[in-house]
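Take a look at the structure below.
By convention here, the first residue in the shown sequence is residue 1.
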Amino acid sequence: MEINRIGWIRTDFPAKFGIPRQSGLVEDLAGTVVFEAKYRNPDAFRGLEEFSHIWLVWEFSESARDKWQPMVRPPRLGGNIRKGVFATRSPFRPNPIGLSCVRLERIEMHPEYGPVLHVRGADLMDGTPILDIKPYVPHADSHPEAEGGFASRHKENRLEVEFPEELEKKVPEHKRKALRGVLANDPRPAYQNDPERIYGFGFAGLEVRFTVREGLLTVCEVVPQG
């Protein structure tokens with residue numbers, strides 16, 4: 001079976017660290033899906049504007065391996081508890097395929113790139129290959145009564161965020177709310193809890209550095225990347 005990349009997504013995350021662990025956790029995160037030239041026919045998108053949300057099928061391009069293992073260590077469980085790969089959303093899979101539900105804000109007819117999708121809430125790194133787009137159908141895709149297994153027992157723990165005004169002003173105003181959402185969702189792996197450690201990740205061309213102590217995340221530096 002041959003799978004072709006149909007496009008890629010542009011986001012504010014140049015690397016994996018800092019990206020929300022699931023789509024929709026930070027609704028303010030903006031992204032744009034740009035398509036390969038042969039998939040830019042507007043007819044392929046006719047009717048998509050009627051849906052508020054879509055599924056992105058994508059490739060774990062930075063995690064592809066020649067071999068796979070049946071057991072993995074989910075970071076949310078501290079990195080020391082093994083679960084079956086098919087019981088997790090680990091990127092280290094027999095086929096490195098990811099699935100994300102995002103809000104479709106609008107479809108732009110770009111003069112150079114053709115149809116471009118503007119989305120919110122994506123949990124993808126900048127440049128991630130997109131393999132397919134499917135509409136989200138609420139009456140079929142939503143199951144409020146569903147059991148979430150061990151994932152429900154280890155929900156995301158939100159942090160209080162202290163972001164000094166002089167540092168927050170270095171972030172473009174229209175991206176501040178999204179960045180605060182990323183920080184509040186605790187970007188650190190669950191097994192890292194050193195109050196003296198300074199963590200950092202790239203966001204919108206900036207390096208954001210912070211510490212975490214007793215549930216309080218404090219931003220200590222914001223500098224241009226590179």
Which heavy atom in [X] sits nearest to a heavy atom in [Y], and how many Å separate them?
{"X": "W68", "Y": "P70", "answer": "CZ3-CA, 3.5 Å"}
{"X": "L29", "Y": "P20", "answer": "CD1-CG, 3.6 Å"}
{"X": "P14", "Y": "Q225", "answer": "CG-OE1, 3.6 Å"}
{"X": "L159", "Y": "L183", "answer": "CD1-O, 4.1 Å"}
{"X": "F203", "Y": "A178", "answer": "CZ-CB, 4.4 Å"}
{"X": "P129", "Y": "S61", "answer": "CD-OG, 3.4 Å"}

Please name all residues satisfying side-chain contact (heavy atoms from CB on, under 4.5 Å) with [X], sequence neighbours left out, ordered by chain then number.
{"X": "S52", "value": "R103"}
{"X": "L131", "value": "I3, V57, E59, I97"}
{"X": "D194", "value": "E196, R197, Y199"}
{"X": "I107", "value": "L48, E49, L104, P115, L117"}

Quick one: pull up [atom1] in [X] and [atom2] in [Y] and give me the separation to the nearest 0.5 Å.
{"X": "W58", "Y": "I130", "atom1": "CH2", "atom2": "CD1", "answer": "8.5 Å"}
{"X": "N4", "Y": "I6", "atom1": "CG", "atom2": "CD1", "answer": "10.0 Å"}
{"X": "T32", "Y": "E108", "atom1": "OG1", "atom2": "CD", "answer": "8.5 Å"}
{"X": "R73", "Y": "T88", "atom1": "CZ", "atom2": "OG1", "answer": "13.0 Å"}
{"X": "D123", "Y": "F13", "atom1": "CG", "atom2": "CZ", "answer": "9.5 Å"}
{"X": "F60", "Y": "K16", "atom1": "CZ", "atom2": "NZ", "answer": "9.5 Å"}

- Under the salt bridge (charged side-chain N to carboxylate O under 4.0 Å, His left out) test, residues paired with E105 that sit two or more places apart: R120
- Item | Residues that E221 engages under salt bridge (charged side-chain N to carboxylate O under 4.0 Å, His left out), provided they are two or more places apart | R209
- Just by distance, do the side chain of S23 and the backbone of C101 share a donor-acceptor pair under 3.5 Å? yes
- Task: Determine the interplanar angle of the F201 and F210 rings, folded into 0 to 90°, and report it as parallel if under 30°, tilted if 30 to 60°, perpendicular if over 60°.
- Result: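 Ring orientation of F201 relative to F210: perpendicular.
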- Do V72 and R82 touch side chain to side chain, with heavy atoms closer than 4.5 Å?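 In short, these two side chains do not touch, never coming nearer than 4.5 Å.
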- Item | Test item: V212 and P195 side chains (from C-beta on) under 4.5 Å apart, heavy atoms |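 They are not in side-chain contact.
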- Query: In terms of side-chain heavy atoms, does T11 have a donor or acceptor partner in D126 at a distance below 3.5 Å?
  - Reply: no
- Item | side-chain hydrogen bond (donor to acceptor under 3.5 Å, both in side chains) between R21 and N185, worked out | CA-CA 9 Å; R21 296 176 180 88; N185 273 283; over 6 Å; no
Counting heavy atoms not belonging to [X], are there more than 12 under 6.0 Å from its [atom1]?
{"X": "E166", "atom1": "CD", "value": "yes"}
{"X": "R89", "atom1": "CZ", "value": "no"}
{"X": "E145", "atom1": "CD", "value": "yes"}
{"X": "I198", "atom1": "CD1", "value": "no"}

- Task: Determine, step by step, whether W55 and L99 satisfy the side-chain contact (heavy atoms from CB on, under 4.5 Å) criterion, reporting the C-alpha distance in whole Å, the side-chain angles of both residues, the deciding distance to 0.1 Å, and the verdict.
- Result: CA-CA 7 Å; W55 291 104; L99 181 67; 3.6 Å; yes
- Message: Please confirm whether the ring centroid of Y39 lies under 6.0 Å from the ring centroid of F45.
- Response: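 Ring centres of F45 and Y39 not closer than 6.0 Å.
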- Query: Knowing that exactly one of R213, E160, E162 qualifies, which makes a side-chain hydrogen bond (donor to acceptor under 3.5 Å, both in side chains) with T218?
  - Reply: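 Checked R213, E160, E162 against T218; only one passes side-chain hydrogen bond (donor to acceptor under 3.5 Å, both in side chains): E162.
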